[in-house]
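Values below: all heavy atoms of this structure, side chains included; hydrogens, waters and symmetry mates excluded.
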Amino acid sequence: MKLSSKKRSIAALALATAMLLTACGGGSNGVDQKTIEKNDAKIADAVKNKQYPFVPKGEKISLELGVGASANVTNWDTNRYSLFLEERTGLDLKFKVYQGLGDALKIAFAADDDSIPDLIMNWNVEDTFLVQYGEEGEGMFVDLTKYMDEYGHNLKHAIEYAKNYKVEDRRVDIEKWLVSADGHKYFMPYIVQQEGNVYSGKAYINKVWLDKLGLEVPTTTEELRTVLKAFVTKDPNGNGKKDELGITGAKGLYRGTPWMFLMNSFIFEDQGKHYVVDQNTGKLSLAYTRPEFKEGLKYINSLVKEGLYDVESFSQDSTALKTICSLDDNIVGVITTGSPDANFAANPERMLDYVALPNPTGPNGVNWAFRQARDARVNGTMTKYCENRLAGFALMDFMLSEEASLFTRYGEKGKDWREAKEGDVAMFANIGLEARLVPLIPYGQPTDAHWQAASPQFRFPEIADGMAIAAEKVGQVDGEKVKADAITAYYGKAPKKIVEKQLFTLEESEEFADLNTQITACVTPTIAAFITGEKDIDKEWDAFQAELKKLGVDRYLELSQAGYDRFEKGGK
């Protein structure tokens, strides 16, 4: 079977590592089954009866956790969440910190390196890797099904709660997400249902400029053209220079590609995968093969021709855009971003100049909002080297409790966060959530308070969207509040059916990866060339479609459909 160049390079490095480890005696068949049963029996009754700590007095059970190096977790051993987990479970936790967790572990797995830890945290590895190294493959990952069925107290609670959530559109079938393509269950999930992240494909428009020019927030693509033209020609920043940008973004910026936002006025664009799901039949198509996509390209190209679309968005990175956003004279009219607080970090007060721009309605009445999957993604996995398997599972199941889920993200109650009280303002009150908690320390900065949410957890809307602003801080600039205020522009306006996840067999995944590499290498630069005018859309569209056929786009779509259907049907 032909391997992609990336996979060949990883395989070559893994082979070299494997040879070295073999010479040093690395690798083993894992742990003897009798040892596993003996160790499990020591704590079985306590775990089954939800007794904490579940480690008997006088016993010492150690687990080694593999984690990724993080500038924001100052010390894994002394982190207060680590100490909390030890206190509540009775376990002795050790940490193996990897620089570049994903690549390092893939090499270690390929080499069957017996220094691989018992559990691995926050490794959102693709399903095909789980299958390759799962029960019917290399046997490195432990199938957790029997532990889930007998001891998964908090997991079962999460499954039932998410399946029957009071708001139908926000329900999640967690069980479906847990199943791999081979029918096994290899991980404990990260489940965080925050609507501000689900509807992350946002744009923000300069309301100060709109007011100065006597304009309203545009609601159609042609109204947007009119507004952008006024922005770049009428000197709304008042500096006497023609330096204003119409709509801008940056490559590599979270949800920062302007054309993807604009394309949703013509056809659903899922921020790079380009799948469109027929809402009645469940059949997939590829947006860039559809006439609606062509019309969207023509509209966006027309904005470029009029100087209203910043073509530097294709080449500038997020650092360059951040510099632009911090200039003394504001020059940004519309910015596409999922995190405006990051873009305006040097001048956060400027965020208050902007309001959310809803996806404008196109000529055929289309105005989809982008939403990402309401998922239960891979987080905690167990390896064959774990001798205390029930203990490892019970630890990860405890992490799914409300108590632990709050701690891993917000820290210690009363010290790092407090319960909301009268006068506090719920950030997501605009979509029906009540104030639940007030964070007292900033997120995304170095701390010993928590793990920056790098563990299995279950935070449904009451927690994830229950963050509030303390009464005494109402009116101050808060990036989370800016994002929360924007949600009503997009909430509920995405298709109900999207491609959330695909499950491929090993054979399918190899073929799919090769096709994806080749097709992406054609699609990405061609879209840019159509938008910038380097290629003529009308004259060269048919040639583009013919090239996609030559590259195997029909087979690519066939495989995509198979992976989509397998996930929707619950696995194998």
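Distance check: Lys273 NZ to Thr520 OG1 gives 12.0 Å after rounding to the nearest 0.5 Å. To the nearest 0.5 angstrom, Asp353 atom CG is 14.0 Å from Tyr204 atom OH. The CD1 atom of Ile527 sits 11.5 Å away from the OG1 atom of Thr532 when rounded to the nearest 0.5 Å. In this structure, Leu224 CG and Thr361 OG1 are separated by 11.5 Å, a value rounded to the nearest 0.5 Å. With rounding to the nearest 0.5 Å, the separation of CH2 in Trp177 from CG in Asp375 is 4.5 Å. Note that CD of Glu295 and OG1 of Thr221 are 11.5 Å apart. Values are rounded to the nearest 0.5 Å.
In this structure, Val172 and Phe460 have side chains that are in contact, with non-hydrogen atoms separated by less than 4.5 Å. Between Phe261 and Pro360, some side-chain heavy-atom pair lies under the 4.5 Å cut-off. Between Gln279 and Pro495 the shortest side-chain heavy-atom distance falls below 4.5 Å. Met263 places a side-chain heavy atom less than 4.5 Å from the side chain of Phe293. At least one side-chain heavy atom of Lys176 sits under 4.5 Å from a side-chain heavy atom of Glu568. Contact of the Asn206 side chain with the Val332 side chain is not registered, since no non-hydrogen atoms from C-beta on lie closer than 4.5 Å. Side-chain contact check for Val67 versus Leu101: every heavy-atom pair is 4.5 Å or farther apart. Put simply, the side chain of Tyr490 reaches to within 4.5 Å of the side chain of Asn359, judged on heavy atoms.
Within the structure, the side-chain hydrogen bond (donor to acceptor under 3.5 Å, both in side chains) test picks out the following pairs touching residues 424-449 (sequence neighbours left out): Glu402-Arg436, Arg418-Asp424.
Aromatic ring pairs are classed by plane angle as parallel below 30°, tilted from 30° to 60° and perpendicular above 60°; the pair Phe407 and Tyr81 is tilted. Aromatic ring orientation, Tyr299 versus Phe266: tilted (interplanar angle from 30° to 60°). Between Phe544 and Tyr288, the ring planes are tilted. Angles from 30° to 60° get that label.
Remark: Asp341 engages Lys483 in a salt bridge, criterion side-chain N to carboxylate O under 4.0 Å. Looking at Glu195 and Arg374, a side-chain N of the basic residue comes within less than 4.0 Å of a carboxylate O on the acidic one, giving a salt bridge. Classification of Lys496 and Glu168 as a salt-bridged pair fails, no side-chain N sitting under 4.0 Å from a carboxylate O. Salt-bridge formation is not detected for the pair Asp329/Lys241: no Lys NZ or Arg NE/NH1/NH2 atom is positioned less than 4.0 Å from an Asp or Glu carboxylate oxygen.
Contact between Ala426 and Ala435 at its shortest, heavy atoms only, is CB-N, 3.4 Å. When all heavy atoms are compared, the tightest approach of Ala376 to Ile174 is CB-CG2, 4.1 Å. Taking each heavy atom of Glu403 and Phe84 in turn, the nearest pair found is OE2-CE1, 3.5 Å. Annotation for Arg566 and Leu503: closest pair NH1-O, 2.5 Å, computed over non-hydrogen atoms. Heavy-atom minimum distance, Trp541 versus Arg290: CZ2-O, 3.7 Å. Here the closest heavy-atom approach between residue Ile267 and residue Trp368 is recorded as C-CD1, 4.0 Å.
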Assess the residue pair Ser455 and Thr408 against the criterion (side-chain hydrogen bond (donor to acceptor under 3.5 Å, both in side chains)); give the C-alpha distance rounded to whole Å, side-chain angles, the decisive distance to 0.1 Å, and a yes or no. CA-CA 7 Å; Ser455 65; Thr408 191; 2.9 Å; yes
Walk me through it: do Lys413 and Glu419 pass the test salt bridge (Lys or Arg N to Asp or Glu O under 4.0 Å)? CA-CA 8 Å; Lys413 182 179 179 180; Glu419 292 184 349; 2.9 Å; yes
Ring pair (Phe, Tyr, Trp, His ring centres under 6.0 Å) between Tyr354 and Phe344: does it pass, once the steps are laid out? CA-CA 11 Å; Tyr354 291 81; Phe344 292 102; 5.3 Å; yes
Are Leu210 and Phe231 close enough, and set up right, to give a side-chain contact (heavy atoms from CB on, under 4.5 Å), and what steps lead you there? CA-CA 8 Å; Leu210 288 174; Phe231 281 178; 3.8 Å; yes
Please lay out, stage by stage, how Leu557 and Val553 fare under the test side-chain contact (heavy atoms from CB on, under 4.5 Å). CA-CA 6 Å; Leu557 184 59; Val553 73; 5.7 Å; no
Verdict with supporting geometry, Leu262 and Ile247, side-chain contact (heavy atoms from CB on, under 4.5 Å): CA-CA 10 Å; Leu262 295 169; Ile247 183 168; 4.2 Å; yes
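Applying the 6.0 Å contact sphere to CG of Asn75 captures more than 12 heavy atoms from other residues, nucleotides or ligands. Applying the 6.0 Å contact sphere to NZ of Lys497 captures more than 12 heavy atoms from other residues, nucleotides or ligands.
In this structure a side-chain-to-backbone donor-acceptor pair under 3.5 Å is missing from Gln316 to Leu321. Between the side chain of Trp417 and the backbone N or O of Gly411, at least one donor-acceptor pair lies under 3.5 Å. Side-chain atoms of Lys212 come within 3.5 Å of backbone atoms of Pro236 as a donor-acceptor pair (strictly under, hydrogens ignored). Looking at Asn364, its side chain never comes within 3.5 Å of a backbone N or O of Val366 through a donor-acceptor pair. Counting only distance, with no hydrogens or angles, the side chain of Asn237 and the backbone of Asn330 share a donor-acceptor pair below 3.5 Å. Checking side-chain atoms of Lys501 against main-chain N and O of Arg377 turns up no donor-acceptor pair under 3.5 Å. For Asn379 (side chain) and Asn122 (main-chain N/O), a donor-acceptor pair under 3.5 Å exists by modelled atom type. The backbone N or O of Ala287 sits nowhere less than 3.5 Å from a side-chain atom of His274 that would complete a donor-acceptor pair. Using modelled atom types, one side-chain atom of Ser405 and one backbone atom of Met399 make a donor-acceptor pair closer than 3.5 Å. A donor-acceptor pair under 3.5 Å is formed between the side chain of Asn79 and the backbone N or O of His450.
Between Ser200 and the choices Gln271, Arg255, Arg371, the side chain to side chain donor-acceptor pair (under 3.5 Å) rule is met once, by Arg255. For the pairing with Leu178, the side-chain contact (heavy atoms from CB on, under 4.5 Å) check across Val378, Asp173, Leu155 returns one residue only, Leu155. Partner of Ile335 under the side-chain contact (heavy atoms from CB on, under 4.5 Å) criterion, out of Pro340, Pro258, Cys325: Cys325 alone.
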Name each donor-acceptor pair under 3.5 Å that joins a side chain in residues 467-479 to protein atoms two or more places apart or in another chain, with its distance.
unit_1, atom_1, unit_2, atom_2, d
Asp478, OD1, Glu480, N, 2.9
Asp478, OD1, Lys481, N, 3.1

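Aromatic rings of Tyr556 and Phe512 (six-membered ring for Trp) have centroids within the 6.0 Å cut-off, being under it.
Side-chain contact of Trp76 with Ser70: a donor-acceptor pair under 3.5 Å is absent, judged by distance alone.
Trp259 meets the side-chain hydrogen bond (donor to acceptor under 3.5 Å, both in side chains) test with no other residue; sequence neighbours excluded.
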